[in-house]
Protein chains: 2
Amino acid sequence: MTKDLREDKLRSRVREIARFYHKNSRMPSFSEIGDLCGLRSKNAVFKLVNKLEGLKVLERDGRGRLRPRSLAHTARLLGTVEAGWPSPAEEELADTMSLDDFLIRNPQSTFLLKVTGDSMIDAGILPGDMVLVDKGLTPKNGHIVIAEVDNEWTMKYLKKRGSSVTLLPANPKYKPVKPKQELRIAGIVTAVIRKYG
Amino acid sequence: MTKDLREDKLRSRVREIARFYHKNSRMPSFSEIGDLCGLRSKNAVFKLVNKLEGLKVLERDGRGRLRPRSLAHTARLLGTVEAGWPSPAEEELADTMSLDDFLIRNPQSTFLLKVTGDSMIDAGILPGDMVLVDKGLTPKNGHIVIAEVDNEWTMKYLKKRGSSVTLLPANPKYKPVKPKQELRIAGIVTAVIRKYG
DNA sequence: GTATAAGGTGAACGATCGTTTACTGTCAAG
DNA sequence: CTTGACAGTAAACGATCGTTCACCTTATAC
């Protein structure tokens, strides 16, 4: 058996395991890996797992249970647009990441809101976009916040100067808002997500 | 024991299990749940799991192994900015979702690129943003594409008219590009992600 | 041609898995 | 005061877990 063939086989096995993981939200057991990869002996699986652990494709926790590593992540991180598309070799080495882990620091206090209106259009936030909002962070000057002013909910820049607070839209069509009485800040915008198609 | 207290206890146990799941990338075993929730008997865990299964917090697969349901998702989906912040009751019922599943249809062919330059700024894509690029889709008129024209990589709108192809920037500072010879489209942009802070 | 390493089979191991049965308190409703 | 309905403990079950042993096959290297 030539070397390329062996690597191909290994790759397809990793793909099978990854597919199982994404389908079942858990790693397969040793005998399940055997079924997936056509291995009748659990020892063959044992050796395969050790190899994959060395390749940092997966890892074990204290009890010998399997945890995904590069398997868990769905999008590979490449360079910049300017740099263009990397070679297949670089592509293979590309770092992978989970968008959830990347974007959400506090899962309990983070929510997703849909944007209506164009008041933040100059900040690159368009109607129909989604924003991730963290309720747990303390609002600071310059943050984009979700706020309730005089019984209306809006998304604006937060401008603090001394004790005075202003809500600044990112669109010349709209005027800055100086809350008369109540200003309730529900959370600050930590990310913007736009999906096409 | 009053009813509210009991529900609080249940909620905090769900939280513990969710925390374990996100930390270890797998569901805890019955005895591990016992440790997490302060239950010395596996039967108590058994009853707890059955209750949570009824509440659709988690589920079992064919072999009795646990799978997360509402546990798996990290960001809760609420309404719109205009609608403002929902009441705690609605909040509890909010749909949850995984950003990976939401944004990525084809994991194998999807990559993440960092945006440099301001040529798409009027489309709400700013320098420093990340774009999800799918290599597997066929480019169509109106899509935003990553393309190599005359040895340079750019991100532009794809304009097709008959057999002629033009790359259209979303910034009046730049001119449309009519590729002289080669036009290699590496992929189409399926989503934009901007992270603050 | 022979040695060597790698990939795989098959059987056995103790440990842990999820499940079940039997029993004990503890409240709230009748 | 009695009676259920819960919530929890304790012990035992077969099944499956991850691991290890000895052995076989096959291709590459010397």
Side-chain angles (χ1 to χ4, degrees), chain A residues 1-21 23-69 71-72, chain B residues 1-21 23-69 71-72:
Chain A
M1 202 186 300
T2 155
K3 197 180 176 188
D4 283 354
L5 267 180
R6 247 187 288 155
E7 285 193 0
D8 254 20
K9 204 175 186 180
L10 188 62
R11 219 180 298 270
S12 86
R13 285 179 172 170
V14 171
R15 225 175 300 134
E16 285 299 322
I17 296 174
R19 183 146 56 156
F20 184 101
Y21 174 74
K23 186 175 169 187
N24 299 84
S25 301
R26 66 169 174 88
M27 288 296 279
S29 71
F30 276 50
S31 45
E32 283 168 334
I33 293 179
D35 293 343
L36 292 172
C37 301
L39 296 171
R40 259 179 291 225
S41 163
K42 280 208 286 181
N43 183 25
V45 177
F46 185 73
K47 291 175 184 172
L48 173 64
V49 165
N50 282 336
K51 178 172 294 183
L52 294 182
E53 196 178 2
L55 293 172
K56 311 212 173 195
V57 173
L58 48 81
E59 61 187 4
R60 285 175 164 93
D61 64 5
R63 299 220 217 306
R65 300 260 229 339
L66 301 182
R67 312 176 65 198
R69 281 187 74 158
L71 275 185
Chain B
M1 202 187 300
T2 156
K3 198 179 177 188
D4 283 353
L5 266 181
R6 247 187 287 156
E7 286 193 2
D8 253 20
K9 204 175 187 181
L10 188 62
R11 219 180 297 272
S12 87
R13 284 176 173 175
V14 171
R15 225 175 300 133
E16 285 299 322
I17 295 174
R19 184 145 57 154
F20 184 101
Y21 174 75
K23 186 175 169 188
N24 299 86
S25 300
R26 66 169 174 87
M27 290 296 280
S29 72
F30 277 51
S31 44
E32 283 168 334
I33 293 179
D35 293 343
L36 292 172
C37 301
L39 296 171
R40 261 179 290 223
S41 162
K42 280 210 283 182
N43 183 21
V45 177
F46 186 74
K47 292 175 186 173
L48 172 64
V49 165
N50 283 337
K51 179 172 294 185
L52 295 183
E53 196 179 0
L55 293 172
K56 310 213 176 198
V57 173
L58 48 80
E59 62 187 3
R60 287 173 162 94
D61 64 6
R63 299 219 220 306
R65 301 260 230 340
L66 301 182
R67 312 176 65 197
R69 281 186 74 156
L71 275 184

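Naming convention: chains lettered A, B, ... in sequence-line order (proteins, then strands); numbering from 1 in each chain. All values below were derived from every heavy atom in this structure, side-chain atoms included, with hydrogens, water molecules and symmetry-related copies excluded.
In this structure, A:Met27 atom CE and D:dC17 atom C1' are separated by 15 Å, rounded to whole Å. Note: NZ (A:Lys51) to P (C:dA5) measures 15 Å, nearest angstrom. As rounded to whole Å, 15 Å separates atom P of C:dC17 from atom CZ of B:Arg60. Remark: P of D:dC17 and CG of A:Asp61 are 15 Å apart, rounded to the nearest angstrom. Here the P atom of nucleotide C:dT16 and the CZ atom of B:Arg26 are 13 Å apart, to the nearest Å.
Contacts between residues 31-49 of chain B and DNA chain D, defined by a heavy-atom separation below 4.0 Å, involve B:Leu39, B:Arg40, B:Ser41, B:Asn43, B:Ala44, B:Lys47, listed by number.
The side-chain contact (heavy atoms from CB on, under 4.5 Å) test applied to B:Lys47 returns B:Asn43, not counting sequence neighbours. The side chain to side chain donor-acceptor pair (under 3.5 Å) check on A:Ser31 picks up A:Ser29, with sequence neighbours excluded. For B:Asp35, there are no salt bridge (charged side-chain N to carboxylate O under 4.0 Å, His left out) partners, not counting sequence neighbours. Judged as a side chain to side chain donor-acceptor pair (under 3.5 Å), and not counting sequence neighbours, the contacts of B:Asp61 are A:Arg26. Residues that satisfy the salt bridge (charged side-chain N to carboxylate O under 4.0 Å, His left out) test with B:Glu53, not counting sequence neighbours, are B:Arg60. The salt bridge (charged side-chain N to carboxylate O under 4.0 Å, His left out) test applied to B:Arg13 returns no partner, not counting sequence neighbours. Residues meeting the salt bridge (charged side-chain N to carboxylate O under 4.0 Å, His left out) test with B:Arg40, sequence neighbours left out: none.
Under 4.0 angstrom from either OP1 or OP2 of C:dT16 there lies no side-chain N or O belonging to A:Arg65. Between B:Lys9 and D:dG8 there is a side-chain polar atom (N or O) within less than 4.0 angstrom of OP1 or OP2.
The residue B:Arg13 sits close only to the backbone: its heavy atoms come under 4.0 Å of sugar-phosphate atoms, none of a base.
The side chain of A:Phe30 approaches D:dT19 more closely than any other nucleotide in the set D:dC17, C:dG7, D:dT19.
Between the CG atom in A:Leu39 and the CZ atom in A:Phe30 there is a gap of 12.0 Å [rounded to 0.5 Å]. Rounded to the nearest 0.5 Å, atoms CD (B:Glu16) and CD (B:Glu32) are 13.0 Å apart.
For the helix from C:dG1-D:dC30 to C:dG30-D:dC1, the angle separating the two terminal helix axes comes to 20°, with each axis derived from five pairs and the value rounded to 10°.
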